[in-house]
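All remarks here apply to the structure that follows.
Small disclaimer: the values here were computed from a predicted structure and weren't measured.
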Amino acid sequence: MTGLPTLYGYEYFKREVLHLTGIDLNSYKENQMKRRIDTLILKHGIQGYDQYVSALRTDREVLEEFVAYITINVSQFYRDPDQWVVMEQKAIPELIARFGKRLRIWSAACSTGDEPYSLVMALSRYIPLSNIRVYATDLDKQVIEQAKEGLYPDKSIATVPADLRRRYFRQKGDCFEISEEIKACVEFREHNLLKDVYPAGCHMIVCRNVLIYFTEEAKDQVFRRYYNSLVSGGLLFIGSSEQIMNHREIGYLRKNAFFYQKP
């Protein structure tokens, strides 16, 4: 795409995408994002960003494919199992001891629901399901609909602890369906981390392996807004490929490699 005229180059494309979708591509690492977008353009046999913008405007399927592809929906139940051991054995008991069993938990950029449903199952070891409520958000409404459906291939649930897998999943054709009692504990909503209002009073926020695609400036903005969303003593759980370089400047205490606390 390097031969495109300046008028219809990547800067033009970013402006049009912001207008069409509300997604600010300036907040994503440019080289990674351009490679992904150029792959989509080539797939459709489109010549340049201007023609692709026209397709995004006129073809709903092309637009939905674009949003799903650039939001990079990769998820798995109990992803990085060792970290979930820390969650179950340390983080959740500490939160319950500090705040009781009515916890306000936000799963941000929740993708197809693997993460918020994992949270509910982990919490179920300590709290009755009737008392569990997880707020789960994502930019992509298509994956939210998938999450609400609750159907997963075997590989997605491979790391779910055996007892929870037996209790909360049933086979349905080639897939596994999560139980209605787990679904009932999660409230799904569309949400843009870069522009929408954040929920307040959170005891824990979980956002894993998402911000690695953001620019340093965008990451800093999101981590600061997470900090403001947490109550004092609340926890932020991030992914194995992430770290908050300026956590002290923001105000976080680093509990371990993946958990940060608001004092």
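R224 has its side chain within reach of N246: a pair of non-hydrogen atoms, C-beta onward, lies under 4.5 Å apart. Side-chain contact between R36 and T39 is absent, with no heavy atoms from C-beta onward closer than 4.5 Å. When side chains are defined from C-beta on, I37 does not count as touching V17, because their heavy atoms never get closer than 4.5 Å. Within the 4.5 Å cutoff, no side-chain heavy atoms of E217 are placed close to those of N26. In this structure, the side chains of R133 and E187 come closer than 4.5 Å at one or more pairs of heavy atoms. The shortest distance between side-chain heavy atoms of E65 and Q142 does not fall below 4.5 Å. At a threshold of 4.5 Å between non-hydrogen side-chain atoms, the residues R125 and L164 count as touching.
Taking CZ of R248 as the reference point, atom CZ of R254 lies at 8.5 Å (rounded to 0.5 Å). The NZ atom of K183 sits 8.5 Å away from atom CD1 of I178, with the distance rounded to the nearest 0.5 Å. Taken from CD1 in I250 to CZ in R225, the straight-line distance is 13.0 Å, to the nearest 0.5 Å. Note that CG of N131 and OG of S124 are 12.0 Å apart. Values are rounded to the nearest 0.5 Å. Annotation: the span from C202 atom SG to L235 atom CG amounts to 11.5 Å, rounded to 0.5 Å. In this structure, L230 CG and Y260 OH are separated by 13.5 Å, a value rounded to the nearest 0.5 Å.
With hydrogens and angles left out, the side-chain atoms of Y168 and D163 include no donor and acceptor closer than 3.5 Å. A side-chain donor from one of E88 and Y78 sits under 3.5 Å from a side-chain acceptor of the other.
Scanning both residues, V134 and P116, for their nearest heavy atoms gives CG1-CB, 4.0 Å. Y226 and C207 get closest at one heavy-atom pair: OH-SG, 3.1 Å. Residues K14 and L25 share a closest heavy-atom pair of CG-CB, 3.8 Å. For the pair L193 and V222, the tightest heavy-atom approach, listed with the atom from each and the gap, is O-CG2, 4.2 Å. For the pair D138 and A109, the tightest heavy-atom approach, listed with the atom from each and the gap, is OD2-C, 3.3 Å. Nearest heavy-atom pair across K101 and I127 is O-CD1, 3.7 Å.
In the hydrophobic clustering of this structure, L40 groups with Y12; members are Ile, Leu, Val, Met, Phe, Trp, Tyr whose side-chain heavy atoms approach within less than 4.5 Å, directly or through other members. Connection of L211 to I244 is established within a shared hydrophobic cluster, with ILVMFWY side chains joined at heavy-atom distances below 4.5 Å, either directly or through further cluster members. Tracing side-chain contacts under 4.5 Å through hydrophobic residues (I, L, V, M, F, W, Y), one never reaches L139 starting from V206; they form parts of separate clusters. When hydrophobic clusters are built by joining Ile, Leu, Val, Met, Phe, Trp and Tyr residues whose side-chain heavy atoms come closer than 4.5 Å, directly or via intermediates, V231 is not grouped with Y135. Put simply, F188 and V120 are part of the same group of oily side chains (I, L, V, M, F, W, Y) that touch within less than 4.5 Å, one to the next.
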Exercise for review: Take M204 and L103 through the test side-chain contact (heavy atoms from CB on, under 4.5 Å) and record every step on the way to the result.
Suggested key: CA-CA 8 Å; M204 182 163 61; L103 297 173; over 6 Å; no
Exercise for review: Report the C-alpha distance between E16 and Y49 in whole Å, list the side-chain angles of each, state the deciding distance to 0.1 Å, and finish with yes or no for side-chain contact (heavy atoms from CB on, under 4.5 Å).
Suggested key: CA-CA 10 Å; E16 295 304 308; Y49 291 124; over 6 Å; no
**Study point:** From CA spacing to verdict: side-chain contact (heavy atoms from CB on, under 4.5 Å), L129, I182
**Key:** CA-CA 7 Å; L129 288 175; I182 296 294; 3.9 Å; yes
Point to revise | Derivation and outcome, side-chain contact (heavy atoms from CB on, under 4.5 Å), residues L56 and Y52 | key: CA-CA 6 Å; L56 293 174; Y52 192 42; 4.0 Å; yes
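Judged by distance alone, the side chain of Y252 and the main-chain N or O of F223 form a donor-acceptor pair under 3.5 Å. The closest donor-acceptor contact from the side chain of Y227 to the backbone of K262 lies at 3.5 Å or more, if one exists at all. Checked by atom type and distance alone, the side chain of E242 pairs as donor or acceptor with a backbone atom of V210 at under 3.5 Å. Between the side chain of H203 and the backbone N or O of R104 there is at least one donor-acceptor pair closer than 3.5 Å.
A salt bridge is defined here as a Lys NZ or Arg NE, NH1 or NH2 lying under 4.0 Å from an Asp or Glu carboxylate O, and D114 with R208 fails to meet this definition.
Aromatic ring orientation, Y198 versus W106: perpendicular (interplanar angle above 60°, classes split at 30° and 60°). Using cut-offs of 30° and 60° on the angle between ring planes, the pair W84 and F237 is perpendicular.
Residues forming a side chain to side chain donor-acceptor pair (under 3.5 Å) with D59 (at least two apart in sequence, or on another chain): none. When the side chain to side chain donor-acceptor pair (under 3.5 Å) test is applied to E177, the partners found at least two apart in sequence or on another chain are R170.
Counting heavy atoms of neighbouring residues, nucleotides and ligands inside a 6.0 Å radius, atom CD of E61 does not exceed 12 of them. For CG of N256, the number of neighbouring non-hydrogen atoms (other residues, nucleotides, ligands) closer than 6.0 Å is greater than 12.
Here F176 and F77 keep their ring centres 6.0 angstrom or further from each other.
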Under 3.5 Å, sequence neighbours excluded: what are the donor-acceptor pairs made by side chains of residues 147-156?
residue : atom : partner : partner atom : Å
Y152    : OH   : T112    : O            : 2.6
D154    : OD1  : R165    : NH2          : 2.4

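Because its NZ or CZ atom is not both nearer than 6.0 Å to the ring centre of F214 and within 45° of the ring axis, K219 does not count as a cation-pi partner of that residue.
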